[in-house]
Amino acid sequence: MNNNGMIISTRIRLARNIDGLPFPHRMSDAHATKVIDGVSKSLEGVDRFSRFDMNRISPLDKSILIEKHLISPDLAEGKLGSVLIDTDENVSIMVNEEDHIREQVILPGLSLDQAYDRINKIDDVLSKNLKFAFSRQFGYLTACATNLGTGMRASVMMFLPALTILKRLDSAVSAVGRLNMTVRGVYGEGSKADGFLYQISNQHTLGLKESEIIDSVRSAIAHIAQNEENAREILKRNEPEILDNIYRAWGVATNAYSMGTDEAMRLLAMIKLGDYYGYIKISDENVFQKLITHIQPANMQYIGGRNMEPEERDILRARYISANLTTIAKRNNL
């Protein structure tokens with residue numbers, strides 16, 4: 001499927017619990033330690049994982065991990081949680097969040113099969129060393145009933161500017177309701193769709209095979225992508241307006257003195273749309289996507305090397321965007 005930059009990344013997540021232990025919201029410190037130690041030991045020799053305990057890292061480090069989608073806000077808020085992250089930051093295993101173990105793999109583009117293969121190997125390693133809570137009737141037992149069964153969530157991050165601008169996203173999504181899909185913002189349930197970015201994922205796991213979930217997500221993505229393609233053609237019918245909006249976004253993004261996160265996300269989204277139409281040329285899509293992560297508040301603090309007030313951060317963000325954007329993109333003169 002030619003997604004024309006619509007599909008940003010793919011995530012496969014598995015929820016698992018250890019047999020005989022209470023769920024995290026009922027567990028003691030001793031139980032939590034037993035779980036994280038068991039997971040850490042099980043992964044020895046698989047990949048190089050770095051361990052971060054939520055009660056030992058700084059609030060800034062937690063925020064950076066959230067912005068990179070390596071941990072959830074719920075894990076960051078807890079005191080008993082930990083995460084193990086591999087060196088390339090494609091695999092993160094959250095421990096003692098809503099469930100004892102949340103394994104996830106995030107890969108660029110549409111990579112459902114590749115992500116599932118990788119997480120399945122990790123799950124096999126963990127299951128050899130840890131006895132997962134499992135029922136013949138309900139499958140893997142989880143803290144939330146919506147995760148019963150396979151315990152698997154397959155999600156794809158999509159860039160959907162035209163459907164959003166034309167207010168056609170709801171109709172496109174409702175059409176795939178029969179496929180058991182849900183749409184969330186950038187950081188999951190309850191978050192905003194900053195920069196026209198949305199997570200499309202399956203809602204339920206009970207009574208479905210992993211392959212059926214992946215096929216359903218793939219079908220839903222194809223349908224939504226086709227609707228976005230159609231919406232982009234409609235949007236271009238008023239070319240002077242869309243061209244003006246894109247060039248204005250380029251002008252502000254490359255020349256502003258100060259820029260907030262929300263504004264930066266909107267501007268970069270329009271520039272990305274401009275690349276699709278050929279008004280702007282982005283030479284390195286991967287670097288552009290990393291730029292979107294780097295301009296988030298916590299990442300800006302890290303890049304700045306010190307704690308900054310929001311106003312200082314906004315000034316640094318504007319400089320950072322201008323310096324990096326002009327090295328990987330240029331405006332095409334029509």
Side-chain angles (χ1 to χ4, degrees), residues 7-18 23-24 35 39 42-43 46-47 49 52 65-76 78 81-86 88-127 130 132-134 139-158 180-191 197-206 208-218 220-221:
I7 299 178
I8 306 302
S9 62
T10 300
R11 182 187 74 159
I12 302 287
R13 189 217 70 195
L14 299 178
R16 300 287 187 260
N17 288 282
I18 298 176
F23 289 130
V35 175
V39 172
S42 299
L43 291 173
V46 178
D47 280 313
F49 284 91
F52 303 91
L65 293 176
I66 291 172
E67 290 175 358
K68 290 183 175 181
H69 301 279
L70 295 172
I71 67 171
S72 66
D74 286 343
L75 184 74
S82 300
V83 65
L84 293 133
I85 303 171
D86 74 336
D88 61 10
E89 297 189 339
N90 286 334
V91 179
S92 69
I93 300 174
M94 293 184 287
V95 183
N96 300 327
E97 192 224 32
E98 183 178 69
D99 294 292
H100 292 148
I101 304 169
R102 289 283 180 94
E103 314 162 36
Q104 71 169 19
V105 169
I106 301 177
L107 297 177
L110 184 60
S111 310
L112 286 164
D113 294 327
Q114 298 93 322
Y116 177 70
D117 286 344
R118 188 163 182 183
I119 203 167
N120 195 39
K121 291 176 182 177
I122 293 170
D123 194 56
D124 286 345
V125 171
L126 290 174
S127 65
L130 304 168
F132 291 150
F134 185 84
Y140 290 101
L141 302 180
T142 55
C144 179
T146 58
N147 291 318
L148 287 171
T150 62
M152 188 175 91
R153 297 276 177 172
S155 64
V156 174
M157 185 81 74
M158 298 192 73
N180 183 35
M181 295 296 114
T182 186
V183 179
R184 297 185 173 94
V186 178
Y187 296 103
E189 190 171 359
S191 65
L197 295 173
Y198 300 86
Q199 289 189 53
I200 317 296
S201 66
N202 61 299
Q203 283 186 292
H204 304 293
T205 66
L206 185 61
L208 295 169
K209 297 178 182 178
E210 289 88 346
S211 59
E212 291 173 331
I213 293 173
I214 289 174
D215 288 343
S216 292
V217 173
R218 185 179 284 111
I221 295 307

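Sequence positions, counted from 1, serve as the residue numbers for this chain. As a basis for the values below, the full set of heavy atoms in this structure was taken, side chains included, without hydrogen atoms, waters or symmetry mates.
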Asks: Determine whether Val83 and Leu70 satisfy the following criterion, side-chain contact (heavy atoms from CB on, under 4.5 Å), listing intermediate values before the conclusion.
Replies: CA-CA 8 Å; Val83 65; Leu70 295 172; 5.7 Å; no

Asks: For Phe23 and His100, take the angle between the two ring planes, folded into 0 to 90°, and tell me which bin it lands in: parallel under 30, tilted 30 to 60, perpendicular over 60.
Replies: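 Ring orientation of Phe23 relative to His100: tilted.
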
Asks: Quick one: does Asp99's side chain have a donor or acceptor within less than 3.5 Å of a partner on Arg102's backbone?
Replies: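 Answer holds: no.
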
Asks: So do Arg16 and Asn147 actually touch side chain to side chain, heavy atoms under 4.5 Å?
Replies: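 Answer no - side chains too far apart.
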
Asks: Salt bridge between Asp215 and Arg218, side-chain N to carboxylate O under 4.0 Å?
Replies: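 Counted as a salt bridge, because a side-chain N and a carboxylate O are separated by less than 4.0 Å.
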
Asks: To the nearest 0.5 Å, what is the distance between CG on Leu208 and OG on Ser216?
Replies: 6.5 Å

Asks: Given side-chain contact (heavy atoms from CB on, under 4.5 Å), test Ile85 with Val91 step by step and report yes or no.
Replies: CA-CA 6 Å; Ile85 303 171; Val91 179; over 6 Å; no

Asks: Taking the side chain as every heavy atom from C-beta outward, state whether Met181 and Asn202 have any pair of such atoms under 4.5 Å apart.
Replies: yes

Asks: Are any of the side-chain heavy atoms of Arg118 and Leu107 separated by less than 4.5 Å?
Replies: yes

Asks: Working note: Thr150 + Lys209, criterion side-chain contact (heavy atoms from CB on, under 4.5 Å); need CA distance, chi angles, decisive distance, verdict.
Replies: CA-CA 7 Å; Thr150 62; Lys209 297 178 182 178; 5.7 Å; no

Asks: Any donor-acceptor pair under 3.5 Å linking the side chain of Ser111 with the backbone of Gln114?
Replies: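 Flag not set: sc Ser111 to bb Gln114 has no pair under 3.5 Å.
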
Asks: Please report the interatomic distance OH(Tyr116) to OG(Ser211), rounded to the nearest 0.5 Å.
Replies: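 It comes to 8.0 Å.
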
Asks: Between Leu43 and Leu126, is any pair of side-chain heavy atoms under 4.5 Å apart?
Replies: yes

Asks: May I ask you to decide whether Arg13 forms a salt bridge with Glu103, counting only side-chain N to carboxylate O separations under 4.0 Å?
Replies: no

Asks: Please report the interatomic distance OG(Ser9) to CG(Asn90), rounded to the nearest 0.5 Å.
Replies: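 These two atoms lie 10.5 Å from each other.
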
Asks: Are Met152 and Ile214 side-chain neighbours, meaning at least one heavy-atom pair lies under 4.5 Å?
Replies: yes

Asks: Can you find a pair of side-chain heavy atoms, one from Asp123 and one from Phe132, that are under 4.5 Å apart?
Replies: yes

Asks: Would you call Ile101 and Asn17 a side-chain contact if the rule is heavy atoms closer than 4.5 Å?
Replies: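 Ile101 does not reach Asn17 side chain to side chain.
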
Asks: Measure the spacing between CD1 of Ile221 and OG1 of Thr10 and express it to the nearest 0.5 Å.
Replies: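 It comes to 8.0 Å.
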
Asks: Might you work through the side-chain contact (heavy atoms from CB on, under 4.5 Å) test for Ile106 and His69, ending with a clear yes or no?
Replies: CA-CA 9 Å; Ile106 301 177; His69 301 279; 3.9 Å; yes

Asks: Among Thr205, Thr182, Thr146, find the one that has a side chain to side chain donor-acceptor pair (under 3.5 Å) with Arg153.
Replies: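 Only one of Thr205, Thr182, Thr146 forms a side chain to side chain donor-acceptor pair (under 3.5 Å) with Arg153, namely Thr146.
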
Asks: What I'd like to find out is whether the side chain of Pro24 reaches to under 4.5 Å of the side chain of Glu97, using heavy atoms alone.
Replies: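 Side chain of Pro24 against side chain of Glu97, heavy atoms only: no contact under 4.5 Å found.
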
Asks: Can you tell me how far CD1 of Ile7 sits from CE of Met157, rounded to the nearest 0.5 angstrom?
Replies: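 Nearest 0.5 Å value for the CE-CD1 distance: 12.5 Å.
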
